[in-house]
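Here is the structure we will look at, set down as structure tokens.
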Amino acid sequence: MRLQIGIGVVVCMLACNKADDAPVPGPTLDPCGAVAGIQRRDVNGVQIGSGDTTDWRPIGNWCDAVEGLFADRPPVNFTTTAPDSLLITAFPNPTENQFVLGFYRDSGYVDVRFVNANFELLHAQDSIVTNQWLFRADTIGITTPQTIRAYYRVVYPDGTAHRGHGDLQVDP
């Protein structure tokens, strides 16, 4: 009986330890939402399944933290009007090492910011004037499997722009 009481006291002391009541710090997620879900595409850019319907759209809302990622770029006027000609895609997704971001449009340039799930800036690419750009995981700094987010703005000659985001699963 004494042994049972002693074990009960120890268990109670461990359960009531105030240090255990302190909150456990977790990762700081992207302030505009969790980096999760991807739009699956094969090596030719063909969509596989339904995927994340918020990814790779021309119109998106950004929070102030994302706006800050582009603070060093010229100011633009974001439009919520659907573009006449703009197709945005990323493939293959998921990828092992390299992927293409495609911004098929008639004019303008694209600025891109890649962040990890902790909203740490991994890579910035500015003034992309071609319709597609090849990225390699190692040049972005990715050495472990993870899902990253690309924030982009498509800027037109008249100073208007479309903006959005897309998630990529990279498994180097």
Side-chain angles (χ1 to χ4, degrees), residues 22-76 78-80 83 86-105 108-156 161-172:
V24 177
T28 303
L29 297 178
D30 180 332
C32 286
V35 176
I38 63 168
Q39 184 61 256
R40 292 183 176 276
R41 294 195 179 267
D42 69 13
V43 297
N44 297 312
V46 176
Q47 184 173 329
I48 303 167
S50 57
D52 187 339
T53 59
T54 66
D55 282 356
W56 312 112
R57 302 290 177 232
I59 301 170
N61 293 322
W62 286 352
C63 66
D64 291 341
V66 175
E67 293 284 354
L69 294 173
F70 295 86
D72 62 334
R73 300 299 297 148
V76 297
F78 290 108
T79 181
T80 57
L86 175 61
L87 171 65
I88 305 166
T89 188
F91 62 92
N93 194 10
T95 184
E96 291 180 9
N97 181 33
Q98 60 188 20
F99 57 91
V100 171
L101 289 188
F103 296 91
Y104 304 97
R105 64 203 183 283
Y109 66 88
V110 179
D111 298 327
V112 179
R113 301 293 183 268
F114 292 100
V115 298
N116 63 17
N118 294 324
F119 199 67
E120 297 166 327
L121 181 64
L122 300 173
H123 183 74
Q125 189 74 44
D126 293 330
S127 301
I128 300 170
V129 294
T130 61
N131 282 341
Q132 54 187 15
W133 195 268
L134 178 70
F135 291 93
R136 293 179 45 96
D138 56 351
T139 60
I140 295 175
I142 299 173
T143 58
T144 59
Q146 60 186 288
T147 301
I148 62 171
R149 174 161 287 173
Y151 286 104
Y152 50 83
R153 63 184 212 164
V154 181
V155 181
Y156 303 101
H162 286 99
R163 64 181 170 189
H165 78 272
D167 297 330
L168 292 142
Q169 181 180 330
V170 185
D171 298 316

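Residues that satisfy the side-chain contact (heavy atoms from CB on, under 4.5 Å) test with V43, not counting sequence neighbours, are P92. For Y152, the ring-ring contact (aromatic ring centres under 6.0 Å, His included) criterion is met by W56, F103, not counting sequence neighbours. For the ring-ring contact (aromatic ring centres under 6.0 Å, His included) test, no residue two or more places apart in sequence or in another chain qualifies with F91. Every residue meeting the salt bridge (Lys or Arg N to Asp or Glu O under 4.0 Å) condition with R113, not counting sequence neighbours, appears here in chain and number order: D72, D126. Applying the ring-ring contact (aromatic ring centres under 6.0 Å, His included) rule to F78 yields the partners W62; only residues at least two apart in sequence or on another chain are considered. Under the side chain to side chain donor-acceptor pair (under 3.5 Å) criterion, Y156 pairs with H162, not counting sequence neighbours.
Between W133 and V112 there is no side-chain heavy-atom pair separated by less than 4.5 Å.
Remark: side-chain polar atoms of N116 are paired, donor with acceptor, to backbone N or O of N118 under 3.5 angstrom. A side-chain donor-acceptor contact under 3.5 Å links N93 to the backbone of Q169. Counting only distance, with no hydrogens or angles, the side chain of N44 and the backbone of V46 share no donor-acceptor pair below 3.5 Å. With E96 contributing its side chain and Q98 its backbone, the two residues share no donor-acceptor pair below 3.5 Å.
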For L69 and L121, run side-chain contact (heavy atoms from CB on, under 4.5 Å): C-alpha distance rounded to whole Å, both residues' side-chain angles, the deciding distance at 0.1 Å, then the answer.
-> CA-CA 8 Å; L69 294 173; L121 181 64; 4.3 Å; yes
Does the pair L101 and F114 meet the rule for a side-chain contact (heavy atoms from CB on, under 4.5 Å), with working shown?
-> CA-CA 12 Å; L101 289 188; F114 292 100; 3.7 Å; yes
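Note that CZ of F70 is 6.5 Å distant from CG of D111, once rounded to the nearest 0.5 Å. In this structure, CD1 in I88 is found 9.0 Å from CZ in R57, a value given to the nearest 0.5 Å.
Taking all atoms of both residues into account, the shortest heavy-atom contact from D52 to G37 is OD2-O, 3.7 Å. Between I128 and F135, the shortest heavy-atom contact is CD1-CZ, 4.3 Å. Here the closest non-hydrogen pair linking D167 and I38 is O-CG2, 3.7 Å.
Between Y151 and H165, the ring-plane angle classifies as tilted under the 30° and 60° cut-offs.
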